[in-house]
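Just so it is clear, the model here is predicted, and its values are computed rather than measured.
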Amino acid sequence: MTVETLIASLHLVTPELILAVGAMVLLMIGVFSGDRSNSVVTGLAIALLIFSGAWLIFAGQEGEAFNGAYLADGYAKFMKILALIGSVTAMIMAVGHARYDHLDKFEFPVLLVLATLGIMLMISANDLITLYMALELQSLALYVVAAINRDSLRSTEAGLKYFVLGALSSGMLLYGMSLVYGFTGNTGFNEIATVLSAGEPSLGLIFGLVFVLAGLAFKISAVPFHMWTPDVYEGAPTPVTAFLAAAPKIGAMAILVRIVIDAFLPIFAEWQQIVVFISIASMVLGSVAAIGQRNIKRLMAYSSIGHMGYALVGLAAGTDTGVAGVLLYMLIYLVMTLGTFACIMAMRQKEGGNVENIDDLAGLSTTRPFMAFVLTALMFSLAGIPPLAGFFAKYFVFVAAIEAKLYALAIIGVLASVIGAYYYLRIIKVMWFDEAKGEFARTAVELRLVFGLSGLFVVGYVLIGGPLGTAAEAAAKTLFN
């Protein structure tokens, strides 16, 4: 690699360099200033993420870096912007709750910045080795963040479970990558696709493909690799759960789509079967298992499992229309999830800490009418009720499946949506028809802002959906050029 190509590569990865160098600077500020630097480090971390996103939008360029290991294109730009929005919003939501949830440590924002760096590198990965390194950077930061409240047994247990199961999934992913490399002789996505186009895939390569998809399915908490999700969502501090439900899911879904389209598209029939199975299993389990939940964070965990199944319906189609549906789905899912978790974080009693039971929302329509209205809109949207944003998210992935003649998959998806609507409607019933048990403490400004904007988005999506859909289609097309 010459000096000129190195400089060109570094220019392409400037958004990631901003986060990498910034995280090291923030770490030094925190180490030398101690606990009194917590708020300063948090504010600088938010500014750092916003600056990285601004660079990406206004000064970002497209091309390949580091001999094709890193790819900057329209698809990566779209997904990185979503991931940065998720990270910034989750960090802002955590500001008011840092003291209550024992997150008032300077390490917390630094770890979130490093996790976001891993997510962004993963989205642009065009090589198996780059993918694995980025995935581990993200995962190692998240393991620590999940268990950051060392005084809480639940938080420590969540971090341990996440670490053990995450290490297992990383091992499966690495084993699959070694098989793919062994049978193709390449780690680059484009080179793998070239080899696969030349002839029939061997049985060993198919095994490798299965293990790679299994490792990535764990990261999006798709069935049957979902077992960590309810326990980690419930045990981790709520601001951490909000982050886990947003940005990492965007990154994992982005690389899952990229690797099957860029590297394994020549063996579409083989991976389509796997994606269809994972999609059906996730939709069904996410719809059924959440019915008996009383803890709203566990319910949102099963909800996220189901939503990842719906998103995979679009990927199973294997077309640019299907991928555009996935991108749009992840955008709408991100907004709905962040808004819902802002409402969950607002469930704080005046005389005590946070409460997480669904029954604690009883009578919310009389005590906090605005919050009840927004949460109702979000629940209807998560259920896919028209004309809210969630309806359009499901509509576009189901249309892509029907166009690809995956009729059974689309029908199962619709039926799972009907079943899943039950537990969303139960929350609405508790808020509007049950008698109030007490009143929540005053909601922090940043939480009101987040769930207010989320509610406005899902209600008004029909007015702004056109440009967003066009952007998703343009991003999806870059994968198929």
Problem - CA sep, side-chain torsions, deciding dist, call: Leu425, Met379, side-chain contact (heavy atoms from CB on, under 4.5 Å) - result: CA-CA 7 Å; Leu425 293 174; Met379 291 297 107; over 6 Å; no
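- Each side chain to side chain donor-acceptor pair (under 3.5 Å) pair with one or both residues in residues 371-393, not counting sequence neighbours, appears once here: Thr376-Trp432.
- Using a 4.5 Å heavy-atom cutoff, the side chains of Phe108 and Val240 are in contact.
- Nearest approach of Ala410 to Ile402, heavy atoms of both residues: CB-CG1, 3.9 Å.
- Not counting sequence neighbours, Phe78 has no partner by the ring pair (Phe, Tyr, Trp, His ring centres under 6.0 Å) test.
- For Ile129, the CD1 atom counts as loosely surrounded, since its 6.0 Å shell holds 12 or fewer non-hydrogen atoms of other residues, nucleotides or ligands.
- Every ring pair (Phe, Tyr, Trp, His ring centres under 6.0 Å) that Phe211 has, sequence neighbours left out, goes to Tyr175.
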Practice item. With side chain to side chain donor-acceptor pair (under 3.5 Å) as the test, would you mind laying out the steps for Tyr132 and Ser170 before giving the verdict? Key: CA-CA 8 Å; Tyr132 187 74; Ser170 295; 4.8 Å; no
**Message:** Between Leu409 and Ser279, does the side-chain contact (heavy atoms from CB on, under 4.5 Å) criterion hold? Intermediate values first, please.
**Reply:** CA-CA 8 Å; Leu409 180 61; Ser279 175; 3.8 Å; yes
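- Sorted by first and then second residue, the salt bridge (charged side-chain N to carboxylate O under 4.0 Å, His left out) pairs with a member in residues 154-164 read Arg154-Glu234, Arg154-Glu356, Glu157-Lys161, Lys161-Asp231; sequence neighbours excluded.
- Put simply, the side chain of Pro239 does not reach to within 4.5 Å of the side chain of Met91, judged on heavy atoms.
- The heavy-atom pair separating Val397 from Gly314 by the smallest distance is CB-N, 3.9 Å.
- By the 4.5 Å heavy-atom criterion applied to side chains, Leu121 and Leu135 are not counted as neighbours.
- No donor-acceptor pair closer than 3.5 Å links the side chain of Gln138 to the backbone N or O of Ala134.
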* Take Val313 and Val276, measure what side-chain contact (heavy atoms from CB on, under 4.5 Å) needs, and give me the verdict at the end. => CA-CA 7 Å; Val313 171; Val276 167; over 6 Å; no
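- For Trp271 and Phe264, the distance between ring centers is not under 6.0 angstrom.
- When atom types are taken as modelled, the side chain of Ser169 and the backbone of Phe218 share no donor-acceptor pair closer than 3.5 angstrom.
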Using atom types as modelled, flag every donor-acceptor pair under 3.5 Å from a side chain in residues 383-391 to any protein atom, sequence neighbours excluded.
none

- Task: Test Asp434 against Arg426 for salt bridge (charged side-chain N to carboxylate O under 4.0 Å, His left out), laying out the working first.
- Result: CA-CA 11 Å; Asp434 287 9; Arg426 180 159 57 89; over 6 Å; no
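- Scanning both residues, Pro248 and Leu142, for their nearest heavy atoms gives CG-CD1, 3.7 Å.
- Here side chain to side chain donor-acceptor pair (under 3.5 Å) pairs that include residues 388-397, with residues two or more places apart or in two chains, are Lys394-Ser417.
- Atom CZ of Phe480 sits in a crowded spot, with more than 12 heavy atoms from other residues, nucleotides or ligands closer than 6.0 Å.
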Please list, one pair per line, the donor and acceptor atoms closer than 3.5 Å that link side chains of residues 219-227 to other protein atoms, with sequence neighbours excluded.
residue : atom : partner : partner atom : Å
Lys219  : NZ   : Ser139  : OG           : 3.1
Ser221  : OG   : Lys249  : NZ           : 3.2

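- Side chain of Ser287 to backbone of Ala416: a donor-acceptor contact under 3.5 angstrom is found.
- At least one donor-acceptor pair closer than 3.5 Å links the side chain of Thr478 to the backbone N or O of Tyr75.
- In this structure, the side chain of Asn357 does not engage the main chain of Asp360 through any donor-acceptor pair within 3.5 Å.
- Looking at residues two or more places apart in sequence or on another chain, you find a side-chain hydrogen bond (donor to acceptor under 3.5 Å, both in side chains) between Gln293 and Arg298.
- Under the rule for a ring pair (Phe, Tyr, Trp, His ring centres under 6.0 Å), the partners of Tyr310 that lie at least two apart in sequence or sit in another chain are His307.
- Not a single donor-acceptor pair under 3.5 Å links the side chain of Arg258 to the backbone N or O of Ser124.
- Contacts classified as salt bridge (charged side-chain N to carboxylate O under 4.0 Å, His left out) and involving residues 440-450 (residues at least two apart or in different chains) are not found.
- For the pair Leu205 and Ser202, the minimum side-chain heavy-atom distance is below 4.5 Å.
- Using a 4.5 Å heavy-atom cutoff, the side chains of Phe396 and Thr321 are not in contact.
- Shown here for Val180 and Leu209, the closest heavy-atom pair between the two residues is CG2-N, 4.2 Å.
- Taking the six-membered ring where tryptophan is involved, the planes of Tyr143 and Tyr162 are perpendicular, since the angle between them exceeds 60° and thus also 30°.
- Residues Val323 and Thr319 are not in side-chain contact: their nearest non-hydrogen atoms beyond the backbone lie 4.5 Å or more apart.
- For Phe392, the ring pair (Phe, Tyr, Trp, His ring centres under 6.0 Å) criterion is met by Tyr461, not counting sequence neighbours.
- Considering only residues two or more places apart in sequence or on other chains, Thr130 meets the side-chain hydrogen bond (donor to acceptor under 3.5 Å, both in side chains) condition with none of them.
- The closest side-chain heavy-atom distance from Asp320 to Leu479 is not below 4.5 Å.
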- Item | Pair Leu378-Ser454, side-chain contact (heavy atoms from CB on, under 4.5 Å): steps then yes or no | CA-CA 8 Å; Leu378 291 169; Ser454 299; 4.2 Å; yes
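- Judged by distance alone, with hydrogens and angles left aside, the side-chain atoms of Thr241 form no donor-acceptor pair with the main-chain N or O of Lys297 at under 3.5 Å.
- With a 4.5 Å cut-off on side-chain heavy atoms, Met120 and Leu84 count as touching.
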